[in-house]
Amino acid sequence: MAESKEFVQEIHSRSEDFSEWYVDVVLKAGLADYAPVRGCMAYKPYGYAIWEAIMSELDRRFKAAGVQNAYFPLLIPQSIFMKEAEHIEGFAPEVPWVTRVGQEELPEPYVIRPTSETIIGTMFAKWIESYRDLPMVLNQWCSVVRWEKATRPFLRTTEFLWQEGHSAHRTEADARERTMRMLEVYRRFVEDVLAIPVIAGRKSEHEKFAGAVDTFSLEALVGDGRALQAATSHYLGQGFAEVLGIKFLDDDGQLKFVHQTSFGASHRLIGALIMVHGDDRGLVLPPRVAPVQVVIVPIAPQARRQEVWAAARALAEELAPVARVHLDEREEYSPGWKFNEWELKGVPVRLELGPRDLDQGEVTVVRRDSLQKQPVKRAGLAQSLPALLEEVQASLFARAKDFLASHTYHLDDYAEMKRVLEDRAGFVVAGWCGKHECEAEIKEETGATIRCLPLDQGTVSGKCIKCGQPAQATAYFARAY
RNA sequence: CGGGGUGUAGCGCAGCCUGGUAGCGCACUUGCUUUGGGAGCAAGGGGUCGCCGGUUCGAAUCCGGCCGCCCCGACCA
């Protein structure tokens, strides 16, 4: 790999400086750029195309799960935002306020939404009267603002793109079922489409969402051994319903409060894609989310220029029905330049078409995941291409799964845990007594938090890795983004 | 928000110590030649040196303040 390295002039080495590498990939692959707003970025078309692919696939799956789209205001009146105590306590430090219009002070200030539980709950209170109105399961695609202290593109930005789903149910059981159902929708999406294996689990009391009864999340492990939360699904109980007055008349003639859920995933998924699959040459996109799945690079020397271009156009046309194909028609760049650029952009499959291929009746196929080059018969390519894309998809998932497995340490010795976490080697799976003191001390001493208590607990046995008391649960610990 | 670094052309950097007309490589424009892993030659264009203030005859350079970005921590999707 040493010789190929010299071609990568644009980005830092992933192994040598993961953070710099990450920022380089974001900028140089044309995903996004820093904007003149503190902590905010501007999406470039290629980066936004990835978000569009995520949105359309997730949206399709939401609708199949009975979720309807709606939209709610960006601004939330202070009095409404302040209604839920835990909630306000969790978000107050990072919400911006709108207090003035022109030169006039507003009679009541607004917060710019950091999340929409309160405003949506307020509307639920107007819209829900009877148990016949339930369940109500709505989602909005929008952006929210949280004034974070330290920001990084796609991982933590002041304004970020996401979707937030909110539901109201007749019973706790219904709401809890929805919570788990949406977690499963996310899990399948993240694993099947983004090719990112995740650990699904419940958050500890301390780590859960402000205002939730239970928070569940998907935790991915990225290339530098840190955990990244990919999606969350909350059972909110009746706390918001009580303070916002979301009541319904049940069939027993009783007026009752609804049970609620909320669930969300953000543009952080793009950060996860970059950090899970990327390599020293840049981005590597799983075919199912790649805006361009196949790029055709013609190699057209003067003597056979017309012939090659005609063949390339015919190829692009033929493949268009089976894949998202892009023909690189730029004549001002050399083939070698294009190879490097499309690799940096993470396009899963590259087809090279030059005089040699024409003479052989072939196309040179290069996979982004393995960088393997292989001549393939031109005839029949349209038939074999979808399978090749699926193969790339599957191999990326398999590779990420191996990485997750080989960076997950089942430990019962605290000293060893400290060592592993200090190296940021990955997940530590260990027993936990359930007490916050142990969780807090581990965090203090290792920088790691409980990412989740996996749904699949197996048989809980053994002791708390910190205090030695009998373990109440198995927990995944890691340093996290 | 603490500690560290950094800010000079689109990108990467030199110049700053020792004040005196702002430079290099890549990219960009034009022309010709080129095309199987970042093409060559030639001629060009482009910078209120992050911002504000101070010192000085004169500031990219010295001094003070502020801001952005990056890293390491503490808090969150």
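Below, read A as the first sequence line, B as the second, and so on, with proteins coming before strands; counting in each chain starts at 1.
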Enquirer: Just grab all the ring-ring contact (aromatic ring centres under 6.0 Å, His included) pairs involving residues 185-211 of chain A, residues at least two apart or on different chains.
Expert: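 Qualifying pairs, neighbours excluded: A:F62-A:Y186, A:H87-A:F209, A:F91-A:F209, A:H206-A:H436, A:F209-A:H234.
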
Enquirer: What I want to find out is whether A:R367 reaches A:E391 closely enough, with some N-O distance under 4.0 Å, to be called a salt bridge.
Expert: yes

Enquirer: Give none if B:U48 has no partner; otherwise give the nucleotide forming a Watson-Crick or G-U wobble pair with it, both distances under 3.5 Å.
Expert: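 Across all strands, not a single nucleotide pairs with B:U48.
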
Enquirer: Going by side chain to side chain donor-acceptor pair (under 3.5 Å), name the residues that satisfy it together with A:Y333, two or more places apart in sequence or in a different chain.
Expert: none

Enquirer: Is the phosphate of B:C71, meaning OP1 or OP2, less than 4.0 Å from a side-chain N or O of A:R152?
Expert: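 Indeed, a polar side-chain atom of A:R152 lies that close.
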
Enquirer: Report the residues that fulfil salt bridge (Lys or Arg N to Asp or Glu O under 4.0 Å) with A:R61, sequence neighbours left out, ordered by chain and then residue number.
Expert: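 Checked A:R61 against salt bridge (Lys or Arg N to Asp or Glu O under 4.0 Å); matches are A:E57.
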
Enquirer: Roughly how far, to the nearest 0.5 Å, is the CG atom of A:L221 from the CZ atom of A:F427?
Expert: 5.0 Å

Enquirer: Check nucleotides 29-35 of chain B against the protein and report each pair of N or O atoms closer than 3.5 Å, with its distance, or say if there are none.
Expert:
none

Enquirer: If the condition is ring pair (Phe, Tyr, Trp, His ring centres under 6.0 Å), which residues does A:F72 pass it with, not counting sequence neighbours?
Expert: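 A:F72 satisfies ring pair (Phe, Tyr, Trp, His ring centres under 6.0 Å) with A:W127 once adjacent residues are dropped.
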
Enquirer: Give every pair of a protein N or O atom and an N or O atom of nucleotides 47-51 of chain B that lie under 3.5 Å apart, one pair per line with the distance.
Expert:
none

Enquirer: In Watson-Crick or G-U wobble terms, both distances under 3.5 Å, what is the partner of B:G73?
Expert: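 Across any shown strand, B:G73 pairs with B:C1.
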
Enquirer: Using both distances under 3.5 Å as the test, list the Watson-Crick or G-U wobble partner of B:C11, or none.
Expert: B:G25

Enquirer: State plainly whether the residues A:E437 and A:K466 are in salt-bridge range, i.e. N to O under 4.0 Å.
Expert: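 No, no charged N to carboxylate O under 4.0 Å.
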
Enquirer: Using whole Å, report how far CZ of A:R330 lies from P of B:C28.
Expert: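 Taking CZ of A:R330 and P of B:C28, I get 11 Å after rounding.
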
Enquirer: For A:D357, which contact category applies under a 4.0 Å heavy-atom criterion: base, sugar-phosphate, or nothing?
Expert: base

Enquirer: Rounding to an integer number of Å, can you tell me how far A:Q372 CD sits from B:G37 P?
Expert: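 Atom-to-atom, A:Q372 to B:G37, this comes out as 18 Å.
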
Enquirer: Check whether the side chain of A:E341 and the base of B:G38 form a donor-acceptor pair under 3.5 Å.
Expert: no

Enquirer: I'd like to check the side chain to side chain contact (heavy atoms under 4.5 Å, CB included) partners of A:A475; sequence neighbours left out, ordered by chain and number.
Expert: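 Checked A:A475 against side chain to side chain contact (heavy atoms under 4.5 Å, CB included); matches are A:W432, A:I450, A:L453, A:F477.
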
Enquirer: Applying salt bridge (charged side-chain N to carboxylate O under 4.0 Å, His left out) between A:E219 and each of A:K203, A:R479, A:R226, report the one that passes.
Expert: A:K203

Enquirer: Within the 4.0 Å heavy-atom criterion, would you say A:G264 contacts the bases, only the backbone, or no part of the nucleic acid?
Expert: nothing

Enquirer: Can you tell me how far P in B:C66 sits from the matching atom in B:G20, rounded to whole Å?
Expert: 28 Å

Enquirer: Reckon A:S19 has a side-chain N or O less than 4.0 Å from the OP1 or OP2 of B:C72?
Expert: yes

Enquirer: Checking all strands, does A:P93 fall into the base, sugar-phosphate, or nothing category for heavy-atom contacts under 4.0 angstrom?
Expert: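 If one applies the 4.0 Å heavy-atom cut-off, A:P93 turns out to touch nothing in the nucleic acid.
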
Enquirer: Could you give the distance separating B:U29 and B:C69 at their P atoms, to the nearest angstrom?
Expert: 31 Å

Enquirer: Which one of A:V25, A:L273, A:L344, A:V347 satisfies the side-chain contact (heavy atoms from CB on, under 4.5 Å) criterion with A:L283?
Expert: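 Answer after filtering A:V25, A:L273, A:L344, A:V347: A:V25.
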
Enquirer: What does B:U18 pair with, Watson-Crick or G-U, if both distances are under 3.5 Å?
Expert: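 Across all strands, not a single nucleotide pairs with B:U18.
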
Enquirer: Excluding sequence neighbours, so at least two apart, what forms salt bridge (Lys or Arg N to Asp or Glu O under 4.0 Å) with A:D192?
Expert: none

Enquirer: With a 4.5 Å limit on heavy-atom distance, are the side chains of A:V349 and A:L388 in contact?
Expert: yes

Enquirer: Could you state the CD-C1' distance from A:Q360 to B:G36, rounded to the nearest angstrom?
Expert: 13 Å

Enquirer: Find the partner of B:G38: check Watson-Crick (N1-N3 plus N6-O4 or O6-N4) and G-U wobble (N1-O2, O6-N3) distances, both under 3.5 Å, and reply none if neither fits.
Expert: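 None - no nucleotide pairs with B:G38, as no candidate has both distances under 3.5 Å.
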
Enquirer: In whole angstrom, what separates A:N340's CG from B:C11's C1'?
Expert: 17 Å

Enquirer: Rounding to an integer number of angstrom, what distance separates B:C52 and B:A43 when you compare their P atoms?
Expert: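 Those two atoms are separated by 38 Å.
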
Enquirer: Pick out the pairs of N or O atoms, protein on one side and nucleotides 73-77 of chain B on the other, that lie under 3.5 Å.
Expert:
unit_1, atom_1, unit_2, atom_2, d
B:G73, OP1, A:R424, NH2, 2.5
B:G73, OP1, A:R479, NH1, 2.4
B:C75, OP1, A:K443, NZ, 3.0
B:C75, OP2, A:K443, NZ, 2.8
B:C76, O2', A:E148, OE2, 3.4
B:A77, O3', A:Q229, OE1, 3.4
B:A77, O3', A:Q229, NE2, 2.4
B:A77, O2', A:R268, NE, 3.4
B:A77, O2', A:R268, NH1, 2.5
B:A77, N6, A:T157, N, 3.3
B:A77, N6, A:T157, O, 2.7
B:A77, N3, A:S266, OG, 3.3

Enquirer: Given the structure, check if the side chain of A:K373 and the base of B:G36 hold any donor-acceptor pair shorter than 3.5 Å.
Expert: no

Enquirer: Going by distance alone, is a donor N or O of one side chain under 3.5 Å from an acceptor N or O of the other, for A:T446 and A:E422?
Expert: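 Note: A:T446 and A:E422 side chains miss the donor-acceptor criterion.
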
Enquirer: Hey, is A:E184 close enough to A:R187 for a salt bridge, meaning N to O under 4.0 Å?
Expert: yes

Enquirer: Are A:R304 and A:D359 close enough for a salt bridge, meaning some N to O gap below 4.0 Å?
Expert: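 Judged by the 4.0 Å cut-off on N to carboxylate O distance, A:R304 and A:D359 do form a salt bridge.
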
Enquirer: Please work out if A:T364 contacts a base, only the sugar-phosphate, or nothing of the nucleic acid, heavy-atom cut-off 4.0 Å.
Expert: base

Enquirer: Dump the pairs, protein N or O against N or O of nucleotides 4-8 of chain B, anything under 3.5 Å, distances to one decimal.
Expert:
none

Enquirer: In the structure shown, which nucleotide is the Watson-Crick or G-U wobble counterpart of B:A60, with both distances under 3.5 Å?
Expert: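 Paired with B:A60, as far as the under-3.5 Å criterion goes, is no nucleotide at all.
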
Enquirer: Specify the separation, in whole Å, of atom NZ of A:K44 and atom P of B:G10.
Expert: 14 Å

Enquirer: Which comes earlier along RNA chain B counting from the 5' end, the contact point of A:E20 or that of A:E352, where each point is its nearest nucleotide?
Expert: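 Residue closer to the 5' terminus by nearest nucleotide: A:E352.
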
Enquirer: Students often get this wrong, so: under 4.0 angstrom with heavy atoms, is A:G39 touching a base, only sugar-phosphate, or nothing?
Expert: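 Sugar-phosphate only.
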
Enquirer: A:K28 NZ to B:C26 P: how many Å, rounded?
Expert: 16 Å

Enquirer: For the side-chain contact (heavy atoms from CB on, under 4.5 Å) test, which of A:H166, A:H259, A:E84 pairs with A:F240?
Expert: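 Result for side-chain contact (heavy atoms from CB on, under 4.5 Å) with A:F240: A:E84.
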
Enquirer: B:G38 C1' sits how many Å from A:R350 CZ, rounded?
Expert: 12 Å

Enquirer: Please list, by residue number, the residues of residues 283-291 of chain A whose heavy atoms come closer than 4.0 Å to an atom of RNA chain B; answer none if no residue qualifies.
Expert: none

Enquirer: Closer than 4.0 angstrom, basic N to acidic O: yes or no for A:D279 and A:R368?
Expert: yes

Enquirer: From CG of A:L27 over to C1' of B:C69, roughly how many Å is that when rounded to an integer?
Expert: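 So the two atoms are 11 Å apart, to the nearest Å.
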
Enquirer: What does B:G68 pair with, Watson-Crick or G-U, if both distances are under 3.5 Å?
Expert: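 Base-paired to B:U6.
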
Enquirer: In the structure shown, which nucleotide is the Watson-Crick or G-U wobble counterpart of B:U55, with both distances under 3.5 Å?
Expert: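 By the stated definition (distances under 3.5 Å), nothing pairs with B:U55.
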
Enquirer: With sequence neighbours left out, write down each residue that passes salt bridge (Lys or Arg N to Asp or Glu O under 4.0 Å) with A:K345, or none if nothing qualifies.
Expert: none

Enquirer: Salt bridge check: are A:D214 and A:R176 linked by an N-O gap of less than 4.0 Å?
Expert: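 Answer for the salt bridge query: yes.
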
